[in-house]
Amino acid sequence: MTLQFNRESLSARLKTVKPSPTIAITRLAAELRRNGKNIVALSQGEPDFDTPDHIKAAAKNAIDNGETKYTDVDGTPALKRAIVDKFKNENELDYEVANISVGTGGKQVIFNAFSATLDQGDEVIIPAPYWVSYPDMVLLTGGVPVTVSCGEKSGFKLTAEVLEGAITPRTKWLVLNSPSNPTGAGYSAAELKAIAEVLLRHPRVLVMTDDMYEHIRYDGWEFHTIAAVEPRLRERVLTCNGVSKAYAMTGWRIGYAGGPVDLIRAMGTIQSQSTTNPSSVSQAAAVAALTGPLDFLAERNAVFQERRDLCLAAFNGIDGLSCKTPDGAFYLFPSCAGVIGKQVPNGKVLVTDVDFATYLLESVGVAVVPGSAFGLGPYFRISFATSTDRLRDACERIADACASLK
C-alpha cells in the first residue's frame, strides 16, 4: 500500500489558518488574464512606481563590492544605525542599535514578535477592519486573535472605551495600524493619547504598532506613533515599519522594528533558527533608502491623492456604494451595503460582500477584495496604487456592474 501526504498529515494549528485572501484573489485574477480575460486587478497593495534610482545604485554597488555574504542575523550595523537615526529624526524615538531588529519584510518582524512572546491561549486584540495577516499569524504562533469591530461611525478606529472592554487577564498584545490597511484611517495624537491612558492602567499589555504606510498621507494629515505620543509606554511598544511601500521596494523584502532589548533579542533568536539574515544586497539598498533624499515622496503622494480622489468621486456617485475619505495609505474601503439584496442579471441575489466581489470579477473583470476578509463587511477594498487609466477603466466597469443590478 502506497502512503501519501494528505490534509490529515498537517498540524492542527495550520488547519485553523487561511491563505492570504489578497494573494488568492490576485492569483485568480492572473489566471483569468492568462486565459484571455481582460482583468483589472485592484487587489494587491503594491506601488506601481519604480524603486528610486539612488536606492538601486546602492544595491548595484553592494554587489560590485562583494557585499553578498551572510550578515548579522537581524540586520547589519549600518542598517541598524540608519534605522536608529530614522526613528530619532522622523518619530522622536530614541533607540540604540540593540533596540533594532531587521527582518525579511515587515511580516516576518511581526511574526517573530508573536513567536517570541505568545503562549497557548494568550490573546491579541486586533481592531477590525485589519490587515488580513494579523489574526492568522497569531493563530500560527499559538495565540488567540480577539477582533474588535471598529465601524465607520468611529472612523474605522479603535476607541479607548472599546479597548478597555476588550482587555482580559489573557491579553498579551494590542495591534495598531496607522494609516490602516485596508481603510487608510489614521490615528491623531489625541486618539493615541486616549488609548495610551487605557494601556497605562494595564501594564502587562504589549503594544505592536504597524507604521508601514507612515509616509503615504494626504490633506495635511499628520502621522503620530504611540511610543512618541506616550513615552511611558516605550518599554512595551514594538514600533514596526519597513521600506516596502513608501520607497516602492516590495520585492526587496526589508522590514524593521524598534523595541525593548529583551524582546528584540528574543526575536533575533527566532530568526536565527528560521531565515537567518535578510538579503545582504537588500539591506544595503535599505540603508540608501533611509539615509537618502525623500523629495520623491511628495510627487508620488500627489499622484496617489489624484487617484484617490478620482475613485472616491466615482464610488460616491454609484447608487448602492459609498466611501469614506482615507487619511493615508493607498486603499479605499467602500461600503457595498446598498447593493446587498439586489439581483445580478442571471437572477442570483447578492447576499454578502464576497458575492459582490465575485460578481465584479466574473461580470466586468475587476478584482477587489471583500471587506469580510479584513473582518468587516459589507465592504470591499481596492488599491489605487496603479495607473490612472486602469483606475478610470475599473471605476467605469464597477458602475456598469452596479447599474445592471435589479
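Index from 1, following the sequence.
Listed here is the closest heavy atom pair of Phe315 and Cys323: CB-CB, 4.5 Å. The two residues Leu360 and Ala401 have their closest heavy-atom pair at CD2-CB, 3.7 Å. Minimum interatomic distance between Cys150 and Pro127 (heavy atoms only, all atoms of both residues): SG-CB, 3.8 Å. The nearest pair of heavy atoms linking Gly184 to Ala329 is CA-CB, 4.3 Å. A pairwise comparison of heavy atoms in Leu238 and Ala257 identifies CD1-CB, 3.8 Å as the closest pair. In this structure, Leu290 and Ala82 approach most closely via the heavy-atom pair CB-CB, 4.2 Å.
Atom CD of Glu164 is surrounded by more than 12 heavy atoms from other residues, nucleotides or ligands within 6.0 Å. Counting heavy-atom neighbours within 6.0 Å of Lys324 NZ, excluding the residue itself, gives a total of 12 or less. Atom CD of Gln343 sits in a crowded spot, with more than 12 heavy atoms from other residues, nucleotides or ligands closer than 6.0 Å.
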For this session: Could you go through the salt bridge (charged side-chain N to carboxylate O under 4.0 Å, His left out) check for Asp319 and Lys342 one step at a time?
Result: CA-CA 12 Å; Asp319 186 31; Lys342 292 189 175 184; 3.8 Å; yes
For this session: Verify salt bridge (charged side-chain N to carboxylate O under 4.0 Å, His left out) between Asp94 and Arg234, making sure each step is shown before the conclusion.
Result: CA-CA 10 Å; Asp94 289 321; Arg234 182 184 180 279; over 6 Å; no
For this session: Please lay out, stage by stage, how Cys402 and Leu321 fare under the test side-chain contact (heavy atoms from CB on, under 4.5 Å).
Result: CA-CA 9 Å; Cys402 290; Leu321 304 185; 4.1 Å; yes
Exercise. Passes salt bridge (charged side-chain N to carboxylate O under 4.0 Å, His left out), Lys172 versus Glu123? Steps please.
Worked result: CA-CA 6 Å; Lys172 178 66 73 74; Glu123 295 175 354; over 6 Å; no
Problem set entry | Working for side-chain contact (heavy atoms from CB on, under 4.5 Å), residues Leu42 and Leu391 | CA-CA 8 Å; Leu42 306 181; Leu391 289 170; 3.9 Å; yes
For this session: Verify side-chain contact (heavy atoms from CB on, under 4.5 Å) between Leu158 and Leu176, making sure each step is shown before the conclusion.
Result: CA-CA 9 Å; Leu158 179 69; Leu176 294 173; 4.2 Å; yes
For this session: Begin from the C-alpha positions of Asp85 and Lys88 and carry the test salt bridge (charged side-chain N to carboxylate O under 4.0 Å, His left out) through to its verdict.
Result: CA-CA 5 Å; Asp85 291 343; Lys88 183 176 181 61; over 6 Å; no
For this session: For the pair Val124 and Val144, evaluate side-chain contact (heavy atoms from CB on, under 4.5 Å) and give the outcome as yes or no after the intermediate values.
Result: CA-CA 6 Å; Val124 178; Val144 177; over 6 Å; no
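Panel note: side chain Asp122, backbone Gly143; no donor-acceptor pair is recorded below 3.5 Å. A donor-acceptor pair is defined here as one N or O able to donate and one able to accept, closer than 3.5 Å; no such pair exists between the side chain of Asp219 and the backbone of Trp221. In this structure, Asn61 contributes its side chain and Asn65 its backbone to no donor-acceptor pair below 3.5 Å. A donor-acceptor pair is defined here as one N or O able to donate and one able to accept, closer than 3.5 Å; no such pair exists between the side chain of Asp74 and the backbone of Gly268. Judged by distance alone, with hydrogens and angles left aside, the side-chain atoms of Ser154 form a donor-acceptor pair with the main-chain N or O of Gly151 at under 3.5 Å. Of the possible donor and acceptor atoms, none in the side chain of Ser180 sits under 3.5 Å from a partner among the backbone N and O of Asn177. Under the 3.5 Å distance criterion, the side-chain polar atoms of Ser178 are matched with a main-chain donor or acceptor of Tyr187. Side-chain N or O atoms of Asp327 include one that pairs as donor or acceptor with a backbone N or O of Gly186 at under 3.5 Å.
With a 6.0 Å cutoff to the six-membered ring centre and a 45° limit on the axis angle, Arg381 does not count as a cation-pi contact of Tyr130.
Remark: the His215 side chain and the Glu90 side chain contain an N/O donor-acceptor pair separated by less than 3.5 Å. Donor-acceptor pairing under 3.5 Å is recorded for the side chains of Ser133 and Lys107. For the 3.5 Å distance criterion, the side chains of Ser244 and Trp252 fail to qualify, holding no donor opposite an acceptor. A donor-acceptor pair shorter than 3.5 Å can be found between the side chains of Thr250 and Glu46. A donor-acceptor contact closer than 3.5 angstrom links the side chains of Asp211 and Thr225. When only modelled atom types and interatomic distance are considered, Asn91 and Lys86 share a side-chain donor-acceptor pair under 3.5 Å. Between the side chains of Asn301 and Arg308, no donor-acceptor pair is found at a separation under 3.5 Å. Side-chain atoms of Ser272 and Thr269 form no donor-acceptor pair, as typed in the model, at a separation below 3.5 Å. Gln283 and Thr71 are linked by a side-chain donor-acceptor pair at a separation below 3.5 angstrom, with hydrogens and angles left out of the test.
The structure places CD1 of Ile318 at 9.0 Å from CG of Asp400, a figure rounded to the nearest 0.5 Å. Note that SG of Cys395 and CZ of Arg307 are 12.5 Å apart. Values are rounded to the nearest 0.5 Å. To the nearest 0.5 Å, atoms CZ (Phe114) and CG (Leu206) are separated by 10.0 Å. Note: Arg232 CZ to Leu200 CG = 4.5 Å, rounded to the nearest 0.5 Å. From Arg300, atom CZ reaches atom NZ of Lys245 across 14.0 Å, with rounding to the nearest 0.5 Å. The structure places CG of Leu140 at 6.5 Å from CG of Leu14, a figure rounded to the nearest 0.5 Å.
In this structure the side chain of Lys348 reaches within 4.5 angstrom of the side chain of Asp355, judged on heavy atoms. Annotation: side chain of Ile55 is not in contact with side chain of Val243 (no heavy-atom distance under 4.5 Å).
Taking the six-membered ring where the residue is Trp, the centroids of Phe156 and Tyr379 are separated by under 6.0 Å. The distance between the ring centers of Tyr213 and Tyr331 falls below 6.0 angstrom. The six-membered or imidazole ring of Phe304 lies near that of Phe49, with a centre-to-centre distance under 6.0 Å.
Salt bridge annotation for Lys80-Asp72: absent, with no cationic side-chain nitrogen under 4.0 angstrom from a carboxylate oxygen. Using a 4.0 Å cut-off between charged nitrogen and carboxylate oxygen, Asp50 and Lys56 count as a salt-bridge pair. A salt bridge links Arg397 with Asp393: the distance from a Lys NZ or Arg NE/NH1/NH2 to an Asp or Glu carboxylate oxygen falls below 4.0 Å.
Under the side chain to side chain donor-acceptor pair (under 3.5 Å) criterion, the residue pairs touching residues 108-118 are Thr104-Gln108, Gln108-Thr275, Asn112-Gln271, Thr117-Trp173, with sequence neighbours excluded. The stretch residues 339-361 participates, sequence neighbours left out, in these ring-ring contact (aromatic ring centres under 6.0 Å, His included) pairs: Phe356-Phe380. Listed by first and then second residue, the side chain to side chain donor-acceptor pair (under 3.5 Å) pairs that reach into residues 361-378 are Asp353-Ser372, sequence neighbours excluded.
Relative orientation of the Tyr218 and Phe384 rings is tilted, given thresholds of 30° and 60° on the angle between their planes.
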